[in-house]
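Residue numbers begin at 1 in each chain, while the letters A, B, ... track the order of the sequences. The shown structure was predicted, so the numbers you read here are calculated from the model rather than taken from an experiment.
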There are 2 protein chains.
Amino acid sequence: MEQNIIVSVDVVLFTLSEGQLKIVLLRRERDPYAGQLALPGGYIHADKDRDSLASAERVLLNKTGLVSPYLEQLYTFSGGVRDPRGWSLSVAYYALVHESLLVPDAELRFELWPVAAVPDLPFDHNRIVDHAAKRLRDKSTYTSLPCHLLPELFTLTELQQTYEHILGVALDKSVFRRKLPELDFLEAVPDAIRQGKHRPAQLYRLRPDRRLTIFDKTV
Amino acid sequence: MEQNIIVSVDVVLFTLSEGQLKIVLLRRERDPYAGQLALPGGYIHADKDRDSLASAERVLLNKTGLVSPYLEQLYTFSGGVRDPRGWSLSVAYYALVHESLLVPDAELRFELWPVAAVPDLPFDHNRIVDHAAKRLRDKSTYTSLPCHLLPELFTLTELQQTYEHILGVALDKSVFRRKLPELDFLEAVPDAIRQGKHRPAQLYRLRPDRRLTIFDKTV
DNA sequence: GTAATAGTGTCTGTGAGACACTATGGT
DNA sequence: ACCATAGTGTCTCACAGACACTATTAC
């Protein structure tokens, strides 16, 4: 049963920075494509990893130093031509984190690139990024997914802007505020008020038991 | 780079029979679990298969003798405990065919089981079936997916009944007929009329360029 | 004629969208 | 006082749902 298949995971790690959707890329340390920017990825270790999700968590921790609160399997890419080493299969995941978790580190050198301007990547990583961005956008139209790009506490205006940045369209404030509470995946944090130059705003957080709420309507 | 991972594909093949959603199961010829009912599946052959989709097509052809007009990747299942032979990874696919394509064959012995009453299956095949059924139901609420369970030509009433069988709810005839044409994934076949005991019905077919139409509303 | 299925017309309530409005802070 | 942002009220149009209606066949 000699299959000679290279089995790995790759992770598309999204964050929102400077009002743009961005992903984490890092310079490959080894061949093939040593020195080039690519997605965080690595072999599945059958001796260490419970399953491919655990592999993705391990890769993410090793390469970016973080544990993502949201990590979901995206799609599996495979074939004989995607990796010069031979027939390969990669289970792709995508993750969402708030920018503050991406602390620059001398050891872990990663870069943030806008999804709209990702450079040419080795393997079929551009295809993976496109697939992930489409999934994120599609799923954001009918789920609470964008919450995971925000810090733990956030205002409704910030949440609305997050949806707008991902979807690329302006949303009506009144409509947005009417719909979201009905879906009750948010809870107002008592006495938590965002102070600013103007009228203070109520802070909300994602209900712990509602990490991904699916709406029956579009947002 | 000795990974010792068993890499395979499994296929959940759906059809509609006797007004019920059913799947194809077959008796395993080899160990492990020889003689037991399980999903059609097999190793990925790196020397033969272009990618895992090609593996799924080959497995389907070998085990059921058919080429499915609709075949989509479902999810990848993996881990150290799902197969007694060791750490394994299976890319699961699901397919939809009209009942007429499932011709019983002396060589290829497969059985049709209602999704609502699938027996205990080896590996994590019950989980795969559940995942596939959920995907089919979810996706049927906002896409033209159920078309693929019908023959090439069908009436609007048959299409409506197909949606009803999958979704498990009754739909209003008038609403259904108002919505579907707007989505123009169907075309009326000129002079093709279904004759029966009563008023004849116009026959439709899926537009070849619209194999999977995604609605912006629910059906 | 009746029965049965195909296919259409019409009313109504809900809710998305548009947008004007009020509220509350800083300066 | 004014500005900026937070947050709400209200009108309208579109459309899903309900259901009654017409149309066309077999008998």
Engineer: Want to settle it: does A/R177 or B/G196 sit nearer the 5' end of DNA chain D, counting the closest nucleotide to each?
Structural biologist: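 On the 5' side of the pair lies A/R177.
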Engineer: My understanding is that only residues two or more places apart in sequence, or in another chain, count here; which of them pass side-chain hydrogen bond (donor to acceptor under 3.5 Å, both in side chains) with A/E72?
Structural biologist: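 With neighbours one apart ignored, the set is A/Y70, A/Y94, A/R135, A/K139.
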Engineer: How about CG on B/D191, more than 12 heavy atoms from neighbouring residues, nucleotides or ligands closer than 6.0 Å, or not?
Structural biologist: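 Incorrect, the count does not exceed 12.
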Engineer: Any residue in residues 197-207 of chain B with a heavy atom nearer than 4.0 angstrom to DNA chain D? Just list them by number, or reply none.
Structural biologist: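 By residue number: B/K197, B/H198, B/R199, B/P200.
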Engineer: Can you name the side chain to side chain contact (heavy atoms under 4.5 Å, CB included) partners of A/I214, sequence neighbours left out?
Structural biologist: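 Residues passing side chain to side chain contact (heavy atoms under 4.5 Å, CB included) with A/I214: A/Y142, A/T143.
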Engineer: For A/K179, which residues count as a side-chain hydrogen bond (donor to acceptor under 3.5 Å, both in side chains) partner, sequence neighbours excluded?
Structural biologist: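 For A/K179, no residue satisfies side-chain hydrogen bond (donor to acceptor under 3.5 Å, both in side chains) once neighbours in sequence are set aside.
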Engineer: Does anything in residues 156-169 of chain B reach DNA chain D, meaning a heavy atom under 4.0 Å, and if so which residues?
Structural biologist: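 DNA chain D contact set from residues 156-169 of chain B: none.
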Engineer: Mind checking ring pair (Phe, Tyr, Trp, His ring centres under 6.0 Å) for B/Y163 and listing every partner two or more places apart, or none if nothing turns up?
Structural biologist: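 So B/Y163 forms a ring pair (Phe, Tyr, Trp, His ring centres under 6.0 Å) with B/F176.
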Engineer: When you check the gap from the basic side-chain N to the acidic O, do B/E99 and B/K22 get nearer than 4.0 Å?
Structural biologist: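 Looking at B/E99 and B/K22, the cut-off is not met.
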Engineer: What is the separation between atom CD on B/Q195 and atom P on C/dT5, rounded to the nearest whole Å?
Structural biologist: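 In whole Å, C/dT5 P lies 15 Å from B/Q195 CD.
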Engineer: With sequence neighbours excluded, what pairs up with B/F215 under the ring pair (Phe, Tyr, Trp, His ring centres under 6.0 Å) test?
Structural biologist: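 Result, ring pair (Phe, Tyr, Trp, His ring centres under 6.0 Å) vs B/F215: B/F185.
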Engineer: Is a donor from one side chain sitting under 3.5 angstrom from an acceptor on the other, for B/T76 and A/T76?
Structural biologist: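 Side chains of B/T76 and A/T76: pair found under 3.5 Å.
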Engineer: Distances for protein N/O vs nucleotides 15-18 of chain C N/O pairs under 3.5 angstrom?
Structural biologist:
{"unit_1": "C/dA16", "atom_1": "N7", "unit_2": "A/R178", "atom_2": "NH1", "d": "3.4"}
{"unit_1": "C/dG17", "atom_1": "N7", "unit_2": "A/R178", "atom_2": "NH2", "d": "3.3"}
{"unit_1": "C/dG17", "atom_1": "O6", "unit_2": "A/R178", "atom_2": "NH2", "d": "3.4"}
{"unit_1": "C/dA18", "atom_1": "N6", "unit_2": "A/R178", "atom_2": "NH2", "d": "3.0"}

Engineer: Which is the 5'-most and which the 3'-most nucleotide of DNA chain D that has an atom under 4.0 Å from a heavy atom of chain A?
Structural biologist: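 Range of nucleotides touched by chain A: D/dA4 to D/dT10.
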Engineer: Return the set of residues passing side-chain hydrogen bond (donor to acceptor under 3.5 Å, both in side chains) with A/D138 (not counting sequence neighbours), or none when no residue passes.
Structural biologist: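 For A/D138 the side-chain hydrogen bond (donor to acceptor under 3.5 Å, both in side chains) partners, ignoring immediate neighbours, are A/K134.
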Engineer: Quick one: do the B/S144 and B/R207 side chains pair a donor with an acceptor below 3.5 Å?
Structural biologist: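 Absent: no donor and acceptor within the cut-off.
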Engineer: Do B/D51 and A/S78 get their side chains close enough for a donor-acceptor pair, meaning under 3.5 Å?
Structural biologist: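 Judged by distance alone, the side chains do not pair up.
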Engineer: Hey, mind stepping through A/S140 and A/V219 against side-chain contact (heavy atoms from CB on, under 4.5 Å) and telling me if it holds?
Structural biologist: CA-CA 8 Å; A/S140 293; A/V219 68; over 6 Å; no
Engineer: Under the side chain to side chain donor-acceptor pair (under 3.5 Å) rule, what pairs show up with a residue in residues 119-133 of chain B, not counting sequence neighbours?
Structural biologist: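 Found B/R82-B/D124.
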Engineer: Using five base pairs at each end to define the local axes, how bent is the helix from C/dG1-D/dC27 to C/dT27-D/dA1, to the nearest 10°?
Structural biologist: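 So the angle between the two local helix axes works out to 10°.
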Engineer: Establish, from distance only, whether the side-chain atoms of B/D83 and B/S88 form a donor-acceptor pair under 3.5 Å.
Structural biologist: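 On atom types as modelled, these side chains do not qualify, holding no pair under 3.5 Å.
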Engineer: Nearest 0.5 Å, please: how far is CG in A/L150 from CD in A/Q161?
Structural biologist: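 It is 9.5 Å, given to the nearest 0.5 Å.
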